[in-house]
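Okay, structure first, notes after.
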2 protein chains.
Amino acid sequence: MEKQKFREFLTTKGLKLTKERDEILHEILIMKKHFDPEDLFVRLKTKGSKVSRASVYRTIPLLVEVGLIEEVERVDRHAHYEKISEDRHHDHMICMKCGKVIEFYSPTLEMLQKEICQKENFKGVRHSLEILGYCEKCGG
Amino acid sequence: MEKQKFREFLTTKGLKLTKERDEILHEILIMKKHFDPEDLFVRLKTKGSKVSRASVYRTIPLLVEVGLIEEVERVDRHAHYEKISEDRHHDHMICMKCGKVIEFYSPTLEMLQKEICQKENFKGVRHSLEILGYCEKCGG
DNA sequence: CTCCATATTGCAATTTAATCTCAGTTACAG
DNA sequence: CTGTAACTGAGATTAAATTGCAATATGGAG
């Protein structure tokens, strides 16, 4: 389970599992969608947590390093993150008009990554495909 | 040619082709690789241009809008742009160790975009695939 | 369980990419 | 040419993200 994974990671690195780190991860885990650091901070505050903005910003890179979350996009001037779902990776389609984000998964794409990397002698770890365009509603 | 395209765009929008805008586009056109706004600014300054940082930042969105350049990645906390090559779109492989960027083109990927979009009723305009991993030198 | 070196925290100050303000300047349609 | 709306540079400003530091908490050693 995610919390266990995080705990192990911290121990291995000689870091400590604090109440703050636990609260932050917990909040991310129960969240459904994208979030940005400020989001997360406000959410925690609202719930009565005493976690500081600094701790949120300091914990996020750790969670990225363990592979529990990933940066999915940059809107305006701030980063957005998302919990990495346990089952499978997915990519995004982003509507250039309304900003709607559609998630999709393509097995072909997963295979394609391997193929492309082989050709360039590159050891691919992960990828992110972003398709920009117009959603159904915004026509185009 | 690019400068002509930019000129037409400006005219259509009721904007003006200034010495600064011309210098900025010119510098981008003669550059080979990625650049970030600060890069561009310093480069112009070095060459004796009087262009201000503000003008660089103000011109970039225009060039993105005409389709002459595109944002290709975010390193740390600043955006990187790249001239859109006339011939064909390409994507990037980025080494997580040394930061090396390998460009590649995959016709399969181009077709795949159409397919995926059709399934979701999304009108895809462009995409960007980023594969993160380790280059030949950095092994993995 | 207690001790304590070391990691961590909150707060506020700081950094830094990017944006904005505004008075003076310039492009360009007519 | 001329008028006017767009543009510019310089520096102030914004806001996301980071950092310094004194106080505090964690968790392994004993």
Side-chain angles (χ1 to χ4, degrees), chain A residues 3-4 6-28 34-66 69-81, chain B residues 3-4 6-27 34-66 69 71-81:
Chain A
K3 289 201 179 183
Q4 185 50 32
F6 189 37
R7 177 189 295 279
E8 277 167 21
F9 167 80
L10 292 173
T11 306
T12 307
K13 285 241 173 181
L15 305 178
K16 295 168 182 175
L17 177 60
T18 60
K19 181 165 54 61
E20 289 79 3
R21 287 181 177 159
D22 186 63
E23 282 179 7
I24 291 167
L25 174 54
H26 182 80
E27 190 59 33
I28 289 173
H34 297 164
F35 67 90
D36 59 55
E38 186 63 21
D39 258 5
L40 190 55
F41 172 66
V42 172
R43 215 176 260 262
L44 285 163
K45 274 290 175 207
T46 306
K47 294 197 174 179
S49 170
K50 299 239 178 332
V51 176
S52 72
R53 207 182 309 268
S55 288
V56 171
Y57 276 105
R58 286 189 280 232
T59 301
I60 286 176
L62 295 176
L63 294 172
V64 170
E65 199 179 343
V66 215
I69 64 173
E70 65 180 331
E71 190 184 315
V72 286
E73 55 168 333
R74 294 264 184 168
V75 172
D76 222 4
R77 270 163 65 195
H78 57 277
H80 278 216
Y81 298 86
Chain B
K3 289 202 181 184
Q4 184 51 32
F6 190 38
R7 177 188 295 280
E8 276 167 21
F9 167 81
L10 290 173
T11 307
T12 306
K13 286 241 171 181
L15 305 178
K16 295 169 182 173
L17 177 61
T18 60
K19 179 165 55 63
E20 289 80 3
R21 287 180 176 161
D22 186 62
E23 284 179 7
I24 292 168
L25 175 54
H26 183 80
E27 191 58 33
H34 298 162
F35 66 91
D36 60 53
E38 186 63 20
D39 257 4
L40 190 53
F41 172 66
V42 172
R43 216 177 259 262
L44 285 162
K45 274 292 175 206
T46 306
K47 294 196 174 179
S49 169
K50 299 239 178 330
V51 175
S52 71
R53 208 182 308 269
S55 288
V56 170
Y57 276 105
R58 285 188 281 232
T59 301
I60 286 176
L62 295 176
L63 294 173
V64 170
E65 198 179 343
V66 215
I69 64 175
E71 189 183 315
V72 285
E73 54 168 333
R74 293 265 184 168
V75 172
D76 224 3
R77 269 164 63 196
H78 57 278
H80 278 217
Y81 298 86

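All chains are named by letter (A, B, ...) in the order of the sequence lines, taking the proteins before the strands, and each is independently numbered beginning at 1.
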Exercise. Fit a plane to each ring of A:F9 and A:F6, take the angle between them on a 0 to 90° scale, and name the class: parallel (under 30°), tilted (30 to 60°) or perpendicular (over 60°).
Key: parallel

Exercise. Grab the NE2-C1' distance between B:H80 and C:dA17 for me, whole Å please.
Key: 11 Å

Quiz item: Rounded to the Å, how far apart are A:I60 CD1 and D:dT19 C1'?
Solution: 16 Å

Self-check item: Check: B:S49/B:E23 side-chain N/O donor and acceptor closer than 3.5 Å
Solution: yes

Exercise. Report, as yes or no, whether the 6.0 Å neighbourhood of atom NZ on B:K45 holds more than 12 heavy atoms from other residues, nucleotides or ligands.
Key: yes

Practice problem: Quick one: label A:R53 by what it contacts on the DNA or RNA (base, sugar-phosphate, nothing), any heavy atom closer than 4.0 Å. | Solution: nothing

Quiz prompt | Between P of D:dA6 and CZ of B:F9, the distance in whole Å | solution = 14 Å

Self-check item: Atom-to-atom span, CZ of A:F35 to P of D:dA17 - whole angstrom
Solution: 12 Å

Exercise. May I have the distance from B:I24 (atom CD1) to D:dC7 (atom C1'), rounded to whole angstrom?
Key: 11 Å

Self-check item: Residue mapping more 5' on DNA chain C - nearest nucleotide basis, A:L62 or A:K45
Solution: A:L62

Quiz item: Want to settle it: does B:R58 or B:D36 sit nearer the 5' end of DNA chain C, counting the closest nucleotide to each?
Solution: B:D36

Self-check item: A:K16 backbone acceptor or donor facing A:R21 side chain under 3.5 Å
Solution: yes

Quiz item: For DNA chain C, which residues in residues 13-21 of chain B have a heavy atom at a distance below 4.0 Å?
Solution: B:K16, B:L17

Quiz item: Nearest to the side chain of B:A54, which nucleotide is it out of D:dA17, D:dG20, D:dG11?
Solution: D:dG11

Self-check item: Within 6.0 Å of NZ in B:K50, more than 12 heavy atoms from elsewhere
Solution: no

Quiz prompt | B:S55, nearest nucleotide to its side chain (from C:dA18, D:dG9, C:dG10) | solution = D:dG9

Self-check item: Length of the line joining B:D39:CG and C:dA17:P, which is rounded to integer Å
Solution: 11 Å

Quiz item: Charged N to carboxylate O under 4.0 angstrom, A:R58 versus A:E20?
Solution: no

Exercise. In whole angstrom, give the distance that lies between atom CZ of B:F6 and atom C1' of D:dC7.
Key: 12 Å

Quiz item: When you look at NZ of A:K13, are more than 12 heavy atoms from neighbouring residues, nucleotides or ligands closer to it than 6.0 Å?
Solution: no

Quiz item: For D:dT18, does either OP1 or OP2 sit under 4.0 Å from a side-chain N or O belonging to A:Y57?
Solution: no

Quiz item: Of the candidate nucleotides D:dA17, C:dA17, C:dG10, which contains the atom at the shortest distance from the side chain of B:H78?
Solution: C:dA17

Quiz prompt | Given DNA chain D, 5'-ward residue of the pair A:P37 and A:T11, judged by closest heavy atom | solution = A:P37

Quiz item: Rounded to whole angstrom units, what separation is found between the CG atom of A:L10 and the P atom of C:dA7?
Solution: 13 Å

Practice problem: Please tell me which of the listed nucleotides, C:dG10, C:dA18, D:dA17, lies nearest to the side chain of A:V51? | Solution: C:dG10

